[in-house]
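Read through the structure below, which is laid out as structure tokens, and then see the notes.
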Amino acid sequence: MSTRWYPIYQRGNPQLRIFLPNFWMKLVRPEEKQPKNVVQFKVPTGMTNYDIENYLTKIYKIKVIKVESSIENGKLKRSIMNKYGPIIKEDDFRRAFVTMASNLFLQY
């Protein structure tokens, strides 16, 4: 899962190796009012609901109850230079709503 390079293992020299995922998750403020235990993330489209749940439980040790996600299209923008310039499309992303255990509350 990781593309980072590590030095070759040498006998007699124990090395600590940590393998981190290549995914990113961005915590965003939801547009609509949500319950206190529901958090919204922007994640890459390659991540599944199972990946999101594992990411939060394994790395941050957060108990996840439910994950709902949908793929959002990136915005189309025209070049700033002139109105007849090229149209640029932003990358698509997955919007994920994560329901956590009720005893965990995040303050904004």
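Residues: numbered from 1 along the sequence shown.
For Tyr50, the side chain to side chain donor-acceptor pair (under 3.5 Å) partners two or more places apart in sequence, or in a different chain, are Asn54. The side chain to side chain donor-acceptor pair (under 3.5 Å) check on Glu90 picks up Lys77, with sequence neighbours excluded. The side chain to side chain donor-acceptor pair (under 3.5 Å) search around Glu68 returns Lys66, not counting sequence neighbours. Not counting sequence neighbours, Lys75 has no partner by the side chain to side chain donor-acceptor pair (under 3.5 Å) test. Lys89 meets the salt bridge (Lys or Arg N to Asp or Glu O under 4.0 Å) test with Asp92; sequence neighbours excluded.
Between Phe93 and Lys26, every side-chain heavy-atom pair lies at or beyond the 4.5 Å cut-off.
In this structure, Phe23 and Pro44 approach most closely via the heavy-atom pair CD2-CG, 4.0 Å. The two residues Thr57 and Ile62 have their closest heavy-atom pair at CG2-O, 3.0 Å. Across all their heavy atoms, Arg94 and Ser69 have their closest contact at NH1-OG, 3.1 Å. Pairing each heavy atom of Pro30 with each of Phe97, the nearest pair is CB-CE2, 4.5 Å.
Remark: the backbone N or O of Thr99 is not paired with any side-chain donor or acceptor of Asn37 at under 3.5 angstrom.
Within the hydrophobic cluster formed by Ile, Leu, Val, Met, Phe, Trp and Tyr side chains joined at under 4.5 Å, directly or through other members, Leu76 is accompanied by Ile87.
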